[in-house]
Amino acid sequence: MRLILVLVAKDIRRRIADPAGLLLHLAIPLAIAGMMALAFGGRGGGANTPVMRIVAVDLDETPFSGFLAGASQNPEAAGRLEIKRAVNREEGLAVMHDEEFAAMVVIPKGFSDALLGGTPTQLELTKNPAQNIMPVVAQQGGEVVALYLSVASRFVGSEGPRVKRLFDEDGGGWSDSVGLAATLATLYGRMDASRTLLFPPLIEIREPEKPKKAEEENGLNWMAWMYPGIVVMGLLFTGLTQMRDLLHERTAGTLRRQLTAPLGAGQLLIAKVLSVAAVVAIAHVCLLVIGSIAFGVHWGPLLPLVAVSALVILATTGFAAMVFAIVRTERQGDAFGGILTMLMSMVGGAFIPPQALPVWLRGVSQFTLNHWSNEALRALSLGGGWAEVRTFMLALALIGGISCGLGILLLRSRHMRGAL
Amino acid sequence: MNIPLQVRDVRYAYGKTRAVDGVSFTVGAGEIFGLLGPNGAGKTTTISMICGLLPPESGQVLIFGSEAAGTSGAARSRMGVVPQEIALYEELTASENLNFWGRVHGLSGARLKTAVDQALEQVGLADRAKEKAAKYSGGLKRRLNLAIGLVHGPDLILLDEPTVGIDPQARLRILDVVKSQAAAGKAVVYTSHYLEEAEQICDRLAIVDHGRVLAEGTVAELRRQVGEGPVVTLKGSVSDQQLQALVGRLPGLKLLTTGDGAASFAAADATACSGLVRELFQSGAHVEDLRVTEPSLQTLFLKLTGRELRD
């Protein structure tokens with residue numbers, strides 16, 4: 001045990017001595033979270049804000065338009081936005097008048113194709129003449145949505161057809177992992193290039209600070225939903241980077257040198273896995289603290305948070321061990337691990353609610369550690385406790401235990417074959 | 001059993017390529033034993049079997065009487081390995097590197113501190129102990145690489161080409177350290193393809209090629225295999241028949257190698273040497289270059305393998 005601790009301490013010391021890789025993997029999720037907070041307004045408002053009630057008529061009938069029309073399916077958004085679907089304009093107008101909805105939005109046929117193809121299109125908004133304030137708010141909100149969709153469309157640009165395939169019923173876009181990776185890389189590049197152009201905004205609207213009332217503190221925090229997914233993605237990247245070190249040590253010769261010392265291969269592998277877990281834990285604590293301070297995310301009661309965090313770290317470490325037990329080189333690990341992480345993050349609901357995914361993909365989502373990690377952390381950030389996270393914890397314990405055990409076994413088998 | 005190292009008829013193959021083919025030797029305390037041979041001769045594979053990284057297909061490696069493969073921690077603690085590649089942590093300082101490797105070998109507390117200070121002093125890095133290894137030159141990294149193998153005070157030291165690619169000054173420093181270790185009673189196995197270096201520091205040598213030991217003994221014993229007198233090397237257009245005729249006419253002259261327009265002879269004495277020169281010029285042979293040198297390991301390697309060691 002003493003030797004294992006010596007090995008773990010060595011790896012942590014090395015990471016602290018050269019923290020660039022770790023900081024980068026902390027900075028990326030934080031940058032994404034920061035941009036999203038700036039773009040979408042960060043924290044939510046109070047609990048007394050009236051509900052915006054909209055009738056949606058989806059004439060386009062594509063998964064993408066369905067996603068827009070079904071935005072209120074997100075349970076957090078449901079508290080602020082109520083969207084009722086109607087089959088056609090006539091039915092929509094009747095619902096708006098009879099059930100006192102603020103406005104009706106019609107998504108015209110061909111809307112998704114036009115938007116993802118980068119050609120001009122329209123959203124039709126009809127205000128309820130019987131109301132005064134909410135229809136105006138709905139119109140302004142619609143204009144903001146239109147603006148964001150326009151920006152997003154231009155941002156996606158030539159990648160539009162490939163993005164559209166992701167929303168297809170057959171889910172064909174998800175099976176093209178190479179194309180998906182290329183799209184992600186392109187979009188990331190564009191986001192990175194436009195960051196200095198868009199952010200930070202030159203003008204900010206400032207409200208005079210006033211003491212918070214208790215009920216306001218219980219209001220919707222949009223980042224509380226988004227941030228956990230980003231945290232888990234950041235942890236996966238951190239774990240991969242740290243586990244990559246095993247192959248780096250092989251190349252540098254330090255692994256062979258350690259094997260000439262009075263150490264067993266099993267001790268070396270366990271120590272490496274523990275050091276990955278330790279660094280992931282450090283990254284996790286940093287991301288939790290930053291999320292709390294910068295984005296106002298509350299992580300709920302301490303003990304459930306510690307337990308969930310430990311299981312998320314276990315599962316993340318197991319994932320990294322399995323990836324680097326399979327790949328042959330550091331570069332393969334970077335590419336394979338990176339693509340898997342992005343795919344698992346998307347399918348696991350890091351960026352979009354799992355409810356908005358095609359049905360078959362929701363089933364796939366259950367097999368990702370991201371799904372269970374995201375849900376567990378979200379449950380805590382939205383005020384849950386032991387009862388709300390119990391199922392997620394069980395799933396994470398299962399995934400983490402199996403992946404860690406399997407990862408160590410695979411690495412050991414690889415060592416026995418002389419391939420490590 | 002107090003013999004530090006016994007290697008008995010070990011063999012190892014990488015697939016169909018036989019890297020080590022029946023190598024045997026013994027190294028005693030206070031002795032520097034050299035494994036001399038060109039790249040690919042099987043030196044590193046032999047070292048890997050000694051330090052337990054590769055299990056011999058057949059044969060046996062005994063370290064202080066214990067089997068090297070799967071050996072106990074105690075036996076491994078008595079062994080220090082300095083690999084051919086510079087295997088250290090560049091993010092850490094020299095002092096941190098040595099602390100880590102010392103701990104891995106069971107040192108702690110005051111013993112560890114003393115051992116680290118001594119190792120730094122030995123290789124001349126005491127004044128740069130707090131610098132990250134990444135900032136070191138190649139020579140300094142080699143010195144730290146050596147210090148890591150010595151920090152725990154091993155009784156058997158395995159050095160695999162420890163002076164590759166460094167400047168003469170750093171090489172001398174490393175050789176001094178190796179000699180001082182042997183003088184302190186440590187057994188040293190030293191692989192190299194630098195003949196002069198091996199001649200300079202090794203008490204005994206084995207010349208290896210294609211995984212076999214071609215000759216073994218002290219430097220003096222190996223030189224005697226070539227002959228006591230000078231070695232004459234010539235380049236030019238001299239046929240094999242002419243060369244054989246020369247050897248037949250001149251007693252005390254032995255043909256060592258021929259081929260590629262070159263030949264080398266072992267002359268019993270200066271008379272045989274001058275007789276060869278005279279006969280060559282009288283025969284009208286076209287000689288482009290002719291050199292007379294003292295017998296060396298290079299000559300022996302040439303005699304044993306028919307090629308220069310640097311090939």
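These numbers come from a predicted model, not from an experiment. Below, read A as the first sequence line, B as the second, and so on, with proteins coming before strands; counting in each chain starts at 1. Just so it is clear, the values below take in all heavy atoms, side chains as well, and ignore hydrogens, waters and symmetry mates.
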Interface moiety of [X] toward chain B, non-hydrogen atoms closer than 4.5 Å:
| X | result |
| --- | --- |
| A:I16 | neither |
| A:Q258 | both |
| A:A261 | both |
| A:L263 | both |

With a cut-off of 6.0 Å (strictly less than), are more than 12 heavy atoms of other residues, nucleotides or ligands near [atom1] of [X]?
| X | atom1 | answer |
| --- | --- | --- |
| B:E121 | CD | no |
| A:R13 | CZ | no |
| B:K113 | NZ | no |
| B:R212 | CZ | no |

Could you state the interatomic distance from [atom1] ([X]) to [atom2] ([Y]), rounded to the nearest 0.5 Å?
| X | Y | atom1 | atom2 | value |
| --- | --- | --- | --- | --- |
| B:E91 | A:R15 | CD | CZ | 6.5 Å |
| A:K10 | B:F100 | NZ | CZ | 4.5 Å |
| B:Y89 | A:D18 | OH | CG | 14.0 Å |
| B:W101 | A:R257 | CH2 | CZ | 6.0 Å |
| B:R103 | A:L5 | CZ | CG | 11.5 Å |
| B:E85 | A:T251 | CD | OG1 | 10.5 Å |

(request) Give the minimum heavy-atom separation between A:P262 and B:S77, together with the two atoms involved. (result)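 Looking at all heavy atoms of both residues, the closest pair is CG-OG, 3.4 Å.
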(request) Please say which of B:C51, B:S48, B:P83 ends up in a side-chain contact (heavy atoms from CB on, under 4.5 Å) with A:T260. (result)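 Passing option: B:C51.
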(message) So for B:E96, is it side chain, backbone, both, or neither that comes closer than 4.5 Å to the heavy atoms of chain A?
(response)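 Only the side chain of B:E96 comes within 4.5 Å of chain A.
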(message) For B:N97, which atoms come within 4.5 Å of any heavy atom of chain A: side chain, backbone, both, or neither?
(response)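 No part of B:N97 comes within 4.5 Å of chain A.
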(request) Tell me, out of B:N99, B:L88, B:I86, B:I148, who's got the most heavy-atom pairs with chain A below 4.5 Å. (result)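 If we count pairs closer than 4.5 Å to chain A, B:I148 comes out on top.
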